[in-house]
Structures are given as structure tokens and as C-alpha cells.
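Being a predicted model, the structure only gives us computed values, none of them experimental. Basis for what follows: all heavy atoms, side chains included, without hydrogens, waters or symmetry-related copies.
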Amino acid sequence: MTAPIGPGDAADRDRWYLLAPRPGWRMSEVLSTDVQLEDGTLRLAGQMPLPTIFDCPPPACAALPCCEQALLQASCRRVLVITGTGQVRLALGPYAYDAHDALVPADYRCELGEHACRPAPAWPDDTWSPAGVTAVGRGVGVIDLAHHVVHVFAASGERVRTSDGSDLPGCPWPEGMPRYRRSGTFVSTALDSGLPECEWHRVALNATVPAGARVTVATLTSDADLTEGEVAALGPERWDAAGVCSDPAATGWDALIASPPGRYLWLSVSLDGDGTETPGIDDMEVHFPRRTSLRYLPAVFRIGADGGSFLDRFLAATDTVRGSVVTEIDRMPWLLDPRSADAAPGRDFLGWLGQWIGITGTGLLPTERRRRLIGEAAQMYRRRGTPDGITRHVSLWLGRRVQILEHYRLRRWAVLDRGRLGDASRLFGSQIVRRLQLDEFSRIGAFQLIDTPSPRIDPFAVYAHRFTLFVHACAGDDPDQLAATAARVVAAVQPGHCVSSVAVVLPRMRVGAQATVGIDSVVAGPTPVGRLGDGQLGEGLAIARDPRNGDRPAIGIDARVGTRAAIA
């Protein structure tokens with residue numbers, strides 16, 4: 001695989017192996033010892049399994065929510081749930097196991113032993129033997145050591161499940177007791193560069209190394225593809241040390257590969273700890289081939305006994321530092337582009353770009369919708385305050401289809417020489433505004449104080465500067481929440497002198513309530529098919545056709561009389 005590591009043109013890009021998480025750790029099962037992969041992280045193998053709830057001393061009392069306590073009565077083989085006032089709210093047991101291992105109420109009989117002075121209870125063999133209690137959520141868990149199970153009961157006393165204890169919190173690990181192997185070795189399989197006499201560059205890893213632990217890296221190269229047995233037979237002198245990582249504060253570490261040129265490379269990583277903690281390696285990178293700034297210098301710098309090897313290794317260290325800076329500079333265009341800016345938690349560069357242009361509060365939106373909203377900010381600002389700009393902004397924010405109806409389009413006043421009486425026009429008078437006027441609208445509560453100078457423009461001012469935003473809801477949307485979100489977005493982008501209202505359009509037509517042709521109604525369109533339980537009668541739901549009828553239409557579902565319906 002290839003990656004743009006370091007400066008240079010496409011032909012000079014470094015190629016590298018990524019050992020984890022893709023394409024995998026490439027671990028040799030034969031050569032690796034005392035290490036394990038846990039959640040994709042390479043760690044030392046565990047010394048012993050973690051303690052379970054059965055390894056703890058069974059407690060006879062446990063604190064429950066709401067100031068309650070669970071108290072074990074071993075002699076009676078039951079558990080009492082006691083309230084904060086000291087009252088017994090619930091009694092669990094005694095129980096016995098039936099033929100299906102289910103719990104059923106149990107009872108005992110009194111027997112008088114050979115040398116006993118008074119009778120003692122004799123329990124059946126299948127009766128449970130509670131030895132301890134523990135809090136499990138809002139319920140209580142009863143530890144039955146005789147059958148090595150934990151019965152979990154709800155707060156109401158109903159048994160929820162029977163657990164083997166693996167899913168319940170166990171004992172804390174004893175302080176100072178060794179938990180992991182003290183040392184382990186990871187050896188990779190052969191990494192093939194495909195280049196004869198390849199000069200491998202460096203190895204880098206992301207690791208967490210606790211105090212007192214260390215990670216030692218060594219490499220082996222060869223032009224021949226050695227088997228695992230041949231690699232195991234080689235002495236330690238054939239392995240070249242790359243370096244030791246032991247800084248607890250460092251998460252990233254890298255070192256140059258000192259092995260001689262070779263097509264194949266084997267990586268050996270030794271993990272050492274004190275037994276209580278283990279180093280963890282998240283991933284490792286092996287870079288090749290080595291191309292440093294030495295190739296840009298005159299040939300005289302490569303003259304010497306080592307052929308310029310020392311200067312090559314020295315420049316490799318400085319090139320790595322310079323390459324990390326150049327890489328960040330090369331990534332700046334990606335970070336400044338909303339289509340590729342980082343939006344991960346903790347590195348929300350996309351949200352920072354939005355703050356530059358005044359788009360805030362987008363953290364809860366899906367990432368793809370945020371990218372479109374910020375990417376089209378320039379287009380929306382050019383059309384800010386226009387119907388198209390408001391529609392576009394709200395649509396991108398909500399991810400729903402949005403339409404605007406400006407109220408001036410609803411005017412149907414009859415104008416002299418320009419209209420006719422009927423459905424196309426309406427007569428109007430001074431009552432449409434109810435401007436304060438003596439002998440007309442002068443009663444308190446029946447007039448309005450209007451600051452416009454001329455009553456002649458009242459018919460036009462009624463519907464001016466008002467609009468309704470129609471938001472088309474999808475299945476599963478909460479209409480109230482959708483309307484509240486749309487209202488907040490509209491208030492931020494509409495002109496200050498306008499008055500707006502929001503109407504949520506549900507996917508159905510209701511005559512008299514929601515029936516505007518072209519906005520929220522489709523005449524003679526297909527009826528959405530539903531299933532029983534998905535809707536309510538009266539909400540535009542149609543049950544799908546019976547598959548046993550084949551292609552024959554069914555009256556009331558998909559048939560229109562006079563067009564294509566045929567009564568069989």
C-alpha cells in the first residue's frame with residue numbers, strides 16, 4: 001500500500017506497511033510468545049483469568065437503590081429486601097429447582113437427629129443454597145455457590161435471568177499481584193518490499209507504555225524468503241536493534257532501521273513490564289525505501305568508507321521532522337474545504353470553519369448535512385433574506401423539502417377595470433384593517449392603531465411582509481419538534497421586518513386542514529402502502545394488496561373504476 005509520507009513528487013513517495021489495524025498484525029504464531037491481541041491492541045498475555053464474582057467472599061448484605069438493603073438469611077435460605085424505615089418489603093425464597101432448572105417455592109420438614117435435642121429443618125436436595133447477595137442495577141443478585149450461578153431478581157421480585165457470573169462485576173484485582181506476563185515477544189511474518197536490496201527506512205508505532213515498562217524493537221532483513229523455522233534458528237546477532245521506547249508521556253515513537261538492505265524484513269517487538277501493567281501497542285508502521293535529502297547533494301558527500309551511510313541516517317532524522325511539518329502544510333487545503341475538513345469529536349475543524357462564517361449550533365446535525373450547509377454558505381449569504389435563500393438555508397439545516405408561500409399572492413381584491421366578481425376576486429372595505437375612525441371603528445377592542453400615513457394602501461399592507469414556511473415531514477418525524485427547529489432557523493435568516501409562520505406538512509391530505517394543491521396535496525396520486533400497526537385509520541393509510549390475487553386489482557386499494565379496473 002502507498003501513502004504520501006515525506007516531500008517529493010509521486011514517484012518519490014514512501015511506501016509503507018501498516019501492521020494494524022489494516023491489513024492486520026501479520027503476527028507469526030510460531031515465533032511470537034506471551035503476547036495477545038485485545039481489542040486490536042498488542043499487549044502482554046494475562047498471567048491468570050480475572051477474578052469472578054464467585055472468587056470474592058460472598059457478602060451477606062448489599063446496598064440497593066432508594067435506601068434499601070438486601071439481607072441474606074442463610075439458615076432460612078432466603079433473601080429479604082428491607083426499606084429505609086426497617087420494613088421488609090420483599091422476601092426471596094426459599095426456592096427449589098424443578099426438572100427444567102426453574103425456580104419454584106420450596107419447603108422443609110423438621111427432623112430430629114440421633115443425638116439432637118430439638119428438631120432441625122431438613123431441606124430437599126434440589127433446594128438452592130444462597131451464600132451471598134449483590135446489587136445488580138436496580139435489582140438484586142443472589143449468589144448460589146452450590147449450583148455456581150447467580151439469580152438476578154428485579155425490584156418487584158420477579159426473576160429476570162440466571163447468570164454464570166461472567167457478565168457481573170467481579171472482585172478487584174489484588175493490589176500488587178502479578179496480572180500479566182513480565183515479558184513477551186511479537187515477531188511478524190516476512191514483509192515483502194518487492195525491491196531487491198531494498199534499504200528499509202524506519203519503523204513507527206503508537207503505544208502506551210506505563211512507568212517501569214518498555215518496548216524494544218529489532219529488525220532482520222534478507223533477500224531470501226526465510227521460513228519461520230529458519231528465522232527461529234538464527235542467533236540474536238542477526239537481529240539489529242532499532243531502539244527502545246520507555247517514555248510514559250509519549251504516545252508516538254519511531255526509529256530508523258539499522259539492518260542492511262534486503263527485500264524481506266522481519267520485525268521483533270519485545271514488551272516488558274512489572275506484571276501489574278502491560279505496554280499496549282495500537283498500530284505499527286514500517287516505511288520503505290529510504291530516500292533522504294542526501295540524493296539532492298553532490299556526489300562528494302557520498303564518498304568515504306561508509307559510502308555516506310552516516311550522513312544518510314543523520315539526514316533521515318531531520319527529514320522525518322521536516323516531513324511531519326510539510327505534511328501538515330499539505331493538508332491545509334483539505335482542512336479548509338468543508339467537503340474534507342475533519343469532523344471527528346475532539347478535532348471538529350468543520351465546526352470551526354462554520355464559526356468563521358457565523359454558522360453555529362450544528363454539532364447535532366449529521367456530518368454530511370453539516371458539510372453541505374457550510375459549503376453553500378457563500379451562495380446562501382448572497383441570497384440572504386430572499387425566499388429562495390430562506391428555503392435553501394432551512395432545507396439544508398433540516399434535511400427536508402421546504403416551500404415558501406408569500407401571503408401577498410393570496411390577494412384577490414377586486415380592482416376597478418382589472419377584475420370581476422366571483423371566485424377570482426373579493427370586495428374589501430375598511431374592516432380589513434379596522435383603522436381607528438370616528439363613527440366607524442371607535443369602540444374599544446374593535447379598532448387598531450395603524451402608523452401608515454394613508455388608508456389607501458391598507459388593502460395591500462394586510463398581506464405584505466408575511467410568509468408561511470411549509471416543511472414536508474418524513475415518516476417518524478415529530479411535528480412539534482420539527483416546527484420548533486424550523487422556526488428557530490427561519491428567525492435567524494429572515495428579514496427583520498417580516499412576519500413568518502411554520503406549517504409542518506404531514507404525508508397525507510386533510511380537507512379543511514391541510515389541502516393546498518401543489519404544496520401538500522397530490523390529486524390522483526399513488527396512496528402510500530402501509531402495514532397493520534403502522535398507522536391509524538383516517539390518516540391516509542392503505543393496506544397492501546393480497547399477494548394471492550396476483551396482478552388483479554382490488555377495489556379500495558389500487559383500482560380506479562373506468563380506467564383499468566376489471567371486476568372478476
Does some side-chain heavy atom of [Y] sit less than 4.5 Å from a side-chain heavy atom of [X]?
{"X": "Met380", "Y": "Leu396", "value": "yes"}
{"X": "Pro479", "Y": "Leu506", "value": "yes"}
{"X": "Arg161", "Y": "Val136", "value": "yes"}
{"X": "Ser156", "Y": "Leu90", "value": "no"}
{"X": "His472", "Y": "Gln403", "value": "yes"}
{"X": "Leu42", "Y": "Leu37", "value": "yes"}
{"X": "Leu373", "Y": "His393", "value": "yes"}

Does the side chain of Thr251 come under 3.5 Å of the side chain of Asn206 through a donor N or O and an acceptor N or O?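 Thr251 vs Asn206: no donor-acceptor pair found between side chains.
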
With a 3.5 Å cut-off and no angle check, do the side chains of Asp319 and Thr292 form a donor-acceptor pair?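 On atom types as modelled, these side chains do not qualify, holding no pair under 3.5 Å.
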
Looking only at non-hydrogen atoms, find the nearest pair between [X] and [Y] and report the distance.
{"X": "Asp477", "Y": "Leu482", "result": "OD2-CD2, 4.1 Å"}
{"X": "His201", "Y": "Ala316", "result": "CE1-CB, 3.7 Å"}
{"X": "Pro495", "Y": "Ile390", "result": "CD-CD1, 4.0 Å"}
{"X": "Asp282", "Y": "Ala20", "result": "O-CB, 3.7 Å"}

Between Arg370, Arg392, Arg383, which is the residue that forms a salt bridge (charged side-chain N to carboxylate O under 4.0 Å, His left out) with Glu376?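 So, applying the salt bridge (charged side-chain N to carboxylate O under 4.0 Å, His left out) to Glu376 and each of Arg370, Arg392, Arg383, only Arg392 qualifies.
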
Decide side chain to side chain contact (heavy atoms under 4.5 Å, CB included) for Val209 and Asp247; before the verdict, give the C-alpha distance in whole Å, the side-chain angles of both, and the deciding distance to 0.1 Å. CA-CA 7 Å; Val209 182; Asp247 186 2; over 6 Å; no

Could you check Phe153 against Val81 for side chain to side chain contact (heavy atoms under 4.5 Å, CB included), going step by step and ending with a plain yes or no? CA-CA 11 Å; Phe153 294 86; Val81 177; over 6 Å; no

Please step through side chain to side chain contact (heavy atoms under 4.5 Å, CB included) for the pair Trp397 and Val493, ending with a clear verdict. CA-CA 12 Å; Trp397 189 284; Val493 298; over 6 Å; no

Checking Thr278 side chain against Arg43 main chain: does a donor-acceptor pair fall under 3.5 Å?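 Such a contact is absent between Thr278 side chain and Arg43 backbone.
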
Tell me whether Thr83 contacts the main-chain N or O of Glu68 through its side chain, where contact means a donor paired with an acceptor under 3.5 Å.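 Not at all, since once roles are kept as given, no pair shorter than 3.5 Å links the two residues.
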
Out of curiosity, [X] [atom1] to [Y] [atom2], how far, rounded to the nearest 0.5 Å?
{"X": "Leu350", "Y": "Ser340", "atom1": "CG", "atom2": "OG", "result": "9.5 Å"}
{"X": "Leu18", "Y": "Arg26", "atom1": "CG", "atom2": "CZ", "result": "9.5 Å"}
{"X": "Leu64", "Y": "Thr134", "atom1": "CG", "atom2": "OG1", "result": "9.0 Å"}
{"X": "Gln36", "Y": "Thr41", "atom1": "CD", "atom2": "OG1", "result": "10.5 Å"}
{"X": "Leu365", "Y": "Arg372", "atom1": "CG", "atom2": "CZ", "result": "12.0 Å"}
{"X": "Asp254", "Y": "His287", "atom1": "CG", "atom2": "NE2", "result": "8.0 Å"}

Tell me which pairs pass ring pair (Phe, Tyr, Trp, His ring centres under 6.0 Å) where either residue lies in residues 478-500, with sequence neighbours left out.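 Sorted result for residues 478-500: His465-His497.
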
When you look at [atom1] of [X], are more than 12 heavy atoms from neighbouring residues, nucleotides or ligands closer to it than 6.0 Å?
{"X": "Arg466", "atom1": "CZ", "value": "no"}
{"X": "Arg400", "atom1": "CZ", "value": "yes"}
{"X": "Arg369", "atom1": "CZ", "value": "yes"}
{"X": "Arg89", "atom1": "CZ", "value": "yes"}

Once the angle between the rings of Trp352 and Phe349 is folded into 0 to 90°, is it parallel (under 30°), tilted (30 to 60°) or perpendicular (over 60°)?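 Ring orientation of Trp352 relative to Phe349: perpendicular.
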
Begin from the C-alpha positions of Ile281 and Trp25 and carry the test side chain to side chain contact (heavy atoms under 4.5 Å, CB included) through to its verdict. CA-CA 11 Å; Ile281 302 177; Trp25 276 95; 3.9 Å; yes

